S.K.: 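Dumping the structure here so I can ask a few things about it.
If you're wondering where the values come from, they're calculated on a predicted model, not measured in any experiment. Chain naming here is simple, since letters A, B, ... match the order of the sequence lines and numbering starts at 1 in each.
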Amino acid sequence: MAQRTHVRIPRRAGKGEIIHIKTKIDHPMESGRRLGQNGKPIPRNLIKKFFCLFNEREVFRADFDSGVAADPYLAFYFRATESGRFRLVWVAENGEKYDRSVTMEVV
Amino acid sequence: MEAKHPFQEALPGRRKVLLMCGRAFAASIPMLLLPCLAGASPRDAKKRLAALTNDVAVKKGRVTITLPKITDQGDFVPIKVAVESPMTEFDHVKAIHIVAERNPDPAVASYYLGPANGKAEISTRIRLVKTQVVVAAAVMSDGSIYVGKTHSKISTGAGGCG
């Protein structure tokens with residue numbers, strides 16, 4: 001299955017450097033209001049939560065609603081202090097989870 | 001440490017309740033008084049914002065929203081919210097809430113930050129169903145709330161209505 005999650009995190013960072021983390025997930029983010037070809041509403045299908053953990057500690061979290069554009073793109077910042085692994089998790093309203101791990105080395 | 005924004009000096013000393021703010025603001029922008037209100041009203045959005053922020057009185061300043069002044073792609077509107085903050089253990093942004101006044105569902109997204117972020121700035125893409133004001137509220141670690149607003153025009157053709 002094609003990778004739905006896209007993540008841009010520098011592989012290496014200086015100690016104390018504030019890095020830019022870019023994330024995106026392919027997802028229609030259907031609000032349940034759009035009408036399909038047959039005139040019936042397309043079922044609601046939303047990603048509701050996003051988590052970013054670093055070395056198993058939560059460092060950033062987001063709640064999405066229907067106002068977030070399809071294929072949700074989200075970029076935020078992180079202060080690099082030690083090497084470790086990022087874990088990014090997207091959770092859909094229907095319980096589906098999407099997981100992505102990226103390691104970063106701090107020099 | 002906290003520099004007083006010029007706005008704050010000019011404002012009256014009393015703090016406005018969030019719901020009253022919405023009405024005054026809506027009245028000051030003629031474009032928002034369109035009769036075709038298919039989406040929520042600024043009042044609904046303010047109620048939603050008040051619920052998100054526990055009705056704490058808000059301050060102006062520190063929040064900058066970057067949003068296109070006009071776009072014909074209401075489904076993909078890039079937005080950046082930056083909040084001035086040292087992001088230390090004792091002084092940081094805890095949450096940023098984005099509310100779109102005239103979307104059917106005014107609550108767009110909420111972001112929860114901490115000192116680990118280093119910078120209180122998020123970039124994302126949102127949906128705006130019609131021309132409206134977008135509000136971003138930043139909740140600080142000391143409980144204070146700063147609010148910023150920006151207006152965006154969604155044009156469906158060569159500058160038509162809404």
S.K.: Select one option (side chain, backbone, both, neither) describing which atoms of B:Pro78 are under 4.5 Å from chain A's heavy atoms.
M.R.: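 Contact with chain A is absent: no heavy atom of B:Pro78 under 4.5 Å.
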S.K.: Looking at B:Arg125, B:Arg127, B:Met87, which makes the most heavy-atom pairs under 4.5 Å with chain A?
M.R.: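 So the answer, after comparing B:Arg125, B:Arg127, B:Met87, is B:Arg127.
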S.K.: Show your reasoning for whether side-chain contact (heavy atoms from CB on, under 4.5 Å) applies to A:Phe76 and B:Ser123.
M.R.: CA-CA 7 Å; A:Phe76 53 98; B:Ser123 296; over 6 Å; no
S.K.: Report the C-alpha distance between A:Tyr77 and B:Leu113 in whole Å, list the side-chain angles of each, state the deciding distance to 0.1 Å, and finish with yes or no for side-chain contact (heavy atoms from CB on, under 4.5 Å).
M.R.: CA-CA 10 Å; A:Tyr77 290 86; B:Leu113 300 89; over 6 Å; no
S.K.: Membership question, hydrophobic clusters at under 4.5 Å side-chain separation (ILVMFWY): are A:Met104 and A:Val7 in the same one?
M.R.: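 Yes; A:Met104 is reachable from A:Val7 via cluster members.
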S.K.: Linking I/L/V/M/F/W/Y whenever any side-chain heavy atoms sit under 4.5 Å apart, do A:Val102 and A:Leu74 land together?
M.R.: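 Cluster IDs for A:Val102 and A:Leu74 match.
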S.K.: Test of understanding: clusters of I, L, V, M, F, W, Y form through side-chain heavy atoms closer than 4.5 Å, transitively. Do A:Tyr73 and B:Ile126 belong to the same one?
M.R.: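 Result: no, two separate clusters.
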S.K.: Using a cut-off of under 4.5 Å on heavy-atom pairs, state which of B:Ile96, B:Thr124, B:Leu128 scores highest against chain A.
M.R.: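 Highest number of heavy-atom pairs under 4.5 Å: B:Thr124.
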S.K.: In the single-linkage hydrophobic clustering (I, L, V, M, F, W, Y; side-chain heavy atoms under 4.5 Å), do A:Tyr98 and A:Leu88 co-cluster?
M.R.: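 As far as the 4.5 Å side-chain criterion goes, A:Leu88 and A:Tyr98 are connected within one cluster.
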S.K.: Verify the neighbour count for atom CZ of A:Arg44: are there more than 12 heavy atoms of other residues, nucleotides or ligands below 6.0 Å?
M.R.: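 More than 12 within 6.0 Å, yes.
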S.K.: Using a cut-off of under 4.5 Å on heavy-atom pairs, state which of A:Gly16, A:Ala80, A:Ala62 scores highest against chain B.
M.R.: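 Counting heavy-atom pairs under 4.5 Å, the top option is A:Ala62.
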S.K.: Do A:Asp63 and B:Tyr111 meet the criterion of a side-chain donor-acceptor pair at a distance under 3.5 Å?
M.R.: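 No, no side-chain donor-acceptor contact under 3.5 Å.
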S.K.: Measure distances from A:Arg33 to the heavy atoms of chain B and classify the residue's part below 4.5 Å as side chain, backbone, both or neither.
M.R.: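 The side chain, not the backbone.
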S.K.: A:Ala70 versus chain B, heavy atoms under 4.5 Å apart: side chain, backbone, both or neither?
M.R.: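 Its backbone and side chain both get close to chain B.
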S.K.: So which part of B:Asp75 gets closer than 4.5 Å to some heavy atom of chain A, the side chain, the backbone, both or neither?
M.R.: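 Just the backbone, heavy atoms under 4.5 Å.
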S.K.: So which of A:Phe78, A:Phe54, A:Phe50, A:Phe64 has the biggest tally of heavy-atom pairs under 4.5 Å with chain B?
M.R.: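 Highest number of pairs under 4.5 Å: A:Phe78.
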S.K.: Select one option (side chain, backbone, both, neither) describing which atoms of A:Ile18 are under 4.5 Å from chain B's heavy atoms.
M.R.: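 Side chain only.
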S.K.: Check whether any side-chain N or O of B:Asp105 sits under 3.5 Å from a backbone N or O of A:Ser66 as a donor-acceptor pair, and report yes or no.
M.R.: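 Not confirmed, B:Asp105 side chain does not pair with A:Ser66 backbone.
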S.K.: Please give me the minimum heavy-atom distance between A:Asp65 and B:Ala107, naming the atom from each residue.
M.R.: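 Shortest heavy-atom contact: CB-O, 3.2 Å.
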S.K.: Measure the spacing between CD1 of A:Ile21 and CD1 of B:Ile122 and express it to the nearest 0.5 Å.
M.R.: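 Interatomic distance, A:Ile21 CD1 to B:Ile122 CD1, rounded to 0.5 Å: 14.0 Å.
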S.K.: Are any side-chain N or O atoms of A:Arg79 and backbone N or O atoms of B:Lys119, one a donor and one an acceptor, separated by less than 3.5 Å?
M.R.: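 Not a single qualifying donor-acceptor pair exists.
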S.K.: For A:Lys24, is it the side chain, the backbone, both or neither that has a heavy atom under 4.5 Å from a heavy atom of chain B?
M.R.: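 Looking at A:Lys24, just its side chain touches chain B.
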